[in-house]
Amino acid sequence: MSLKDRLNTKSQIMPKIEAETTMAHAATGDFLNLKEQLHVLLVEKVNSTPTWINYDDEQQKELIKQFVESQLINNFKNVPLNKFEKDRLIKEIIQEAKGYGPLDPLLEDPTISDILVNGAKDVFVEKNGKLYKTNVTFKDNQHLRNIIERIVSKVGRRIDEKSPMVDARLADGSRVNAIIPPLAIDGPSLSIRKFKQDAGNLESLLKWGTLSNEIAQTLSMAVKAKLNIVISGGTGAGKTTLLNSLSSQIPNDERIITIEDSAELSLQQEHIVRLETRIANIEGTGQIAARDLVINALRMRPDRIIVGECRGAETLDMLQAMNTGHDGSLTTLHANSPRDALSRLETMAMYSGIDLPEKNIKSQIASAVNLIIQISRMQDGTRKITSISEITGMEGNVISMQEIFVFEQTGFENSKVQGHHVSTGIRPKFVDKLKEKSLSIPLEYFNKERKHTYINGANADIKLTEQSSVIKSRLINRNDNIFNQRLQK
Ligand SMILES: Nc1ncnc2c1ncn2[C@@H]1O[C@H](COP(=O)(O)OP(=O)(O)O)[C@@H](O)[C@H]1O
Ligand SMILES: [Mg+2]
C-alpha cells in the first residue's frame with residue numbers, strides 16, 4: 001500500500017496522542033500569542049546576556065523558567081493563567097528555546113517510531129506500525145524551517161536554497177531527512193525515523209513475531225558459519241534492523257568493517273571499524289562512494305564486511321570480495337522477492353562500468369551469495385520474514401534457488417495478520433558447511449509442514465544468547481523477565 005493510501009485509510013486519530021498533543025499544542029490563539037511574545041523577550045534577554053553560554057543546560061532551563069515567571073508577574077499581570085497553564089507555558093518556552101519545539105513530545109514518546117511532517121500544519125506519526133495524524137502544528141513554515149535548521153546544524157549539516165535536502169542522523173541514532181522549498185512545493189518536509197532502542201537483537205524480532213525460533217536459530221548458525229547473506233525488502237520493511245540483529249551473532253573475535261551511507265548499525269562487538277560515505281561538497285567534489293570504501297575495506301584485513309545497503313557500483317566489488325575469501329558478508333537491498341533481489345544484484349553489478357558478460361555476473365552472484373532473506377511490512381504494520389531461500393548454483397543461464405522457510409498467512413482478523421512460519425521440507429545444502437565448522441541445527445527444523453514456534457509458544461527453546469555474553473547482559477539490563485527465566489534454563 002502506498003503511503004498515500006495508508007494516510008487515507010488509517011489517519012484515525014489515536015486517543016492518547018490526541019489527548020497529549022491537544023493539551024500541549026492545539027492551544028488557543030491567546031496562549032500562542034503570549035508564548036510568542038515571551039519567546040521574543042527571551043531571545044532579547046539571551047542576546048544581551050554575554051555570560052549565557054557559560055551556563056550548562058540545566059542552569060539555562062532554570063534561568064528561562066525564572067525569566068518567564070518574572071515576566072508573567074511584572075508585565076503580563078492581566079493574563080489569567082492557572083497553575084497548569086503556567087507550567088505548560090514554561091515547559092513549551094523551554095522546549096522552543098532548547099529543543100525541537102513541537103516535536104519534543106513526539107521525540108520523547110518511545111512508542112512512536114516515525115515522525116512525518118508535511119509542512120507546518122500536518123504532522124503524522126507511526127505508532128505500533130500504524131500511521132496517525134496528530135494535532136501538533138508549527139506556527140508557520142518559517143517556524144518549521146527554523147526547527148529543521150536546528151536539527152541538522154546540530155549534526156554538522158546545513159540546509160538552504162543551495163542544498164535543499166539533507167539526510168542526517170541524530171545523536172541517539174534516529175535518522176532524519178529534510179527537504180525544503182523550492183524542491184518541496186508545499187513547504188518544508190521532515191521525516192524522522194526513530195531508532196528502535198531494543199531492536200538490535202534476534203530476541204526482540206522473535207518477540208515481535210518477525211521470525212520464529214527455528215528461523216532465528218538457523219540464521220544465527222548461518223551467520224556464525226560465515227554464509228554470505230542478502231536481506232531483501234521494501235523501504236521501511238525492517239532490513240536494516242534485521243541486519244543489525246543478524247550482526248549480533250558474529251563472534252566477538254572477528255574484525256568487522258561496516259560501510260554505510262548514513263551510519264545506522266549499532267554493533268556491540270569489540271573489534272569494529274565503522275565507515276561512512278561522503279556526499280560531494282558544494283563545488284561538486286570530494287565525494288567518497290560506497291564502492292571506494294569497499295575497495296579500501298579489503299585492504300584493512302577484515303574478517304567481515306557489512307554493507308548497510310547495496311545501491312550501485314559497490315555491488316560488484318562486494319560480490320568479488322565474497323568470492324575471494326571474505327565470507328560472512330552481510331548486506332541489504334531493495335527488492336520485492338528473492339528472485340527480484342537476484343536481478344537487482346545483476347543490474348547493480350553492471351553499474352560498476354566494468355564490461356562483464358551477463359552469464360559471468362550471474363555466476364559470480366551464484367557463487368557469492370548463500371542466502372536471501374525476504375522481509376516485508378505486513379498489512380497490520382508488523383514486519384515478517386516472508387521467505388528464506390538458499391542459492392544452490394547455476395542451471396544453464398539461470399541462478400538456481402530453493403526456498404527453505406516461508407511465512408504462511410492464514411487470514412486477517414481484528415486488524416491482525418494471522419499465520420505462521422513453516423518449513424518447506426527442503427534440507428538446505430549449507431547444513432554440510434555447518435558441520436565443517438562443528439556447528440549444527442536440529443534437522444527436524446526443516447521437516448515439511450513443521451509449524452514453527454515463537455517466544456510465547458509452548459516449546460520455545462531459545463539458545464541464541466549462549467554464545468554472546470554481550471546480548472545476555474543487554475537483556476538482563478532490560479530486566480526482561482521472560483528472557484531471564486529462559487536464559488537460566
Ligand atoms: N521487526 C520489526 N518489527 C517491528 N518494527 C520494526 C521491525 N524492524 C524495523 N521496524 C521499524 O520499522 C522502521 C524501519 O526499519 P528499518 O530497519 O530502518 O527498515 P529498512 O532498512 O528496510 O528501510 C523503523 O522505525 C523500525 O523501528
Ligand atoms: Mg535501511
Side-chain angles (χ1 to χ4, degrees), residues 1 3 6 106-107 109-116 124-132 167-170 172-177 190-213 215-216 219 229-248 258-267 274 276-277 290 306-312 314 330-338 340-341 344 372-388 407 415-417 419 421 454-456 464:
M1 206 189 293
L3 180 63
R6 276 161 61 203
L106 307 180
L107 285 165
D109 183 344
T111 63
I112 291 178
S113 61
D114 292 80
I115 304 168
L116 308 165
F124 296 85
V125 294
E126 180 168 331
K127 214 170 159 124
N128 301 324
K130 287 193 184 163
L131 221 42
Y132 299 95
D167 207 32
R169 160 181 43 105
L170 302 185
D172 69 352
S174 301
R175 251 182 93 165
V176 174
N177 183 282
L190 175 71
S191 325
I192 300 179
R193 175 170 293 171
K194 285 166 72 180
F195 182 70
K196 224 178 161 83
Q197 297 298 341
D198 55 353
N201 56 61
L202 284 173
E203 287 80 357
S204 297
L205 298 192
L206 248 175
K207 210 161 63 180
W208 303 332
T210 301
L211 39 65
S212 64
N213 271 302
I215 292 179
L219 290 180
I229 301 176
V230 171
I231 297 167
S232 152
T235 307
K239 301 183 295 297
T240 304
T241 307
L242 177 59
L243 177 63
N244 215 8
S245 313
L246 286 185
S247 307
S248 71
T258 64
I259 296 167
E260 294 174 273
D261 286 327
S262 170
E264 289 179 278
L265 298 171
S266 63
L267 305 193
R274 304 197 308 148
E276 202 178 62
T277 58
I306 299 180
V307 179
E309 183 167 349
C310 266
R311 296 175 208 265
E314 68 279 8
L330 306 170
T331 192
T332 73
L333 57 77
H334 192 288
N336 298 325
S337 69
D340 187 26
R344 280 287 297 149
I372 297 186
I373 307 174
Q374 186 71 35
I375 184 164
S376 305
R377 184 184 193 284
M378 310 300 281
Q379 285 149 284
D380 59 356
T382 57
R383 272 67 167 185
K384 300 221 183 275
I385 288 187
T386 48
S387 155
I388 297 188
F407 181 75
S415 310
K416 284 263 152 235
V417 167
H421 291 91
Y454 296 86
I455 183 151
N456 296 321
L464 294 168

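Keep in mind that the numbers below use all heavy atoms, side chains included, and drop hydrogens, waters and symmetry copies. Counting starts at 1 for both ligands and their atoms, in listed order.
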Show me which atoms of ligand 1 lie under 4.0 Å from any heavy atom of [X].
X: G234; value: 22 (O)
X: D114; value: 25 (O)
X: T241; value: 8 (N), 9 (C), 15 (O), 16 (P), 17 (O)
X: T210; value: 1 (N), 2 (C), 3 (N)

Could you tell me whether the side chain of T331 and the main chain of V307 form a donor-acceptor pair under 3.5 Å?
-> yes

When you measure from the side chain of D340 to the backbone N and O of A335, does any donor-acceptor pair fall under 3.5 Å?
-> no

Hey, could you give me the CG/CG distance between N244 and L267, rounded to the nearest 0.5 Å?
-> 5.5 Å

Roughly how far, to the nearest 0.5 Å, is CD1 of I306 from OG1 of T332?
-> 11.0 Å

When you check the gap from the basic side-chain N to the acidic O, do R175 and E260 get nearer than 4.0 Å?
-> no

Determine, for K239 against E309, whether the closest basic-nitrogen to carboxylate-oxygen distance falls under 4.0 angstrom.
-> no

Heteroatom proximity flag, [X] to ligand 1, N/O under 3.5 Å:
X: K239; result: yes
X: T235; result: no
X: L205; result: no

For ligand 1, is G233 a contact, meaning one of its heavy atoms is under 4.0 Å away?
-> no

Of the options R193, E264, K194, which is the one that meets S174 in a side chain to side chain contact (heavy atoms under 4.5 Å, CB included)?
-> K194

Assess T240: does it contribute an N, O or S atom lying under 2.8 Å from the Mg ion (ligand 2)?
-> yes

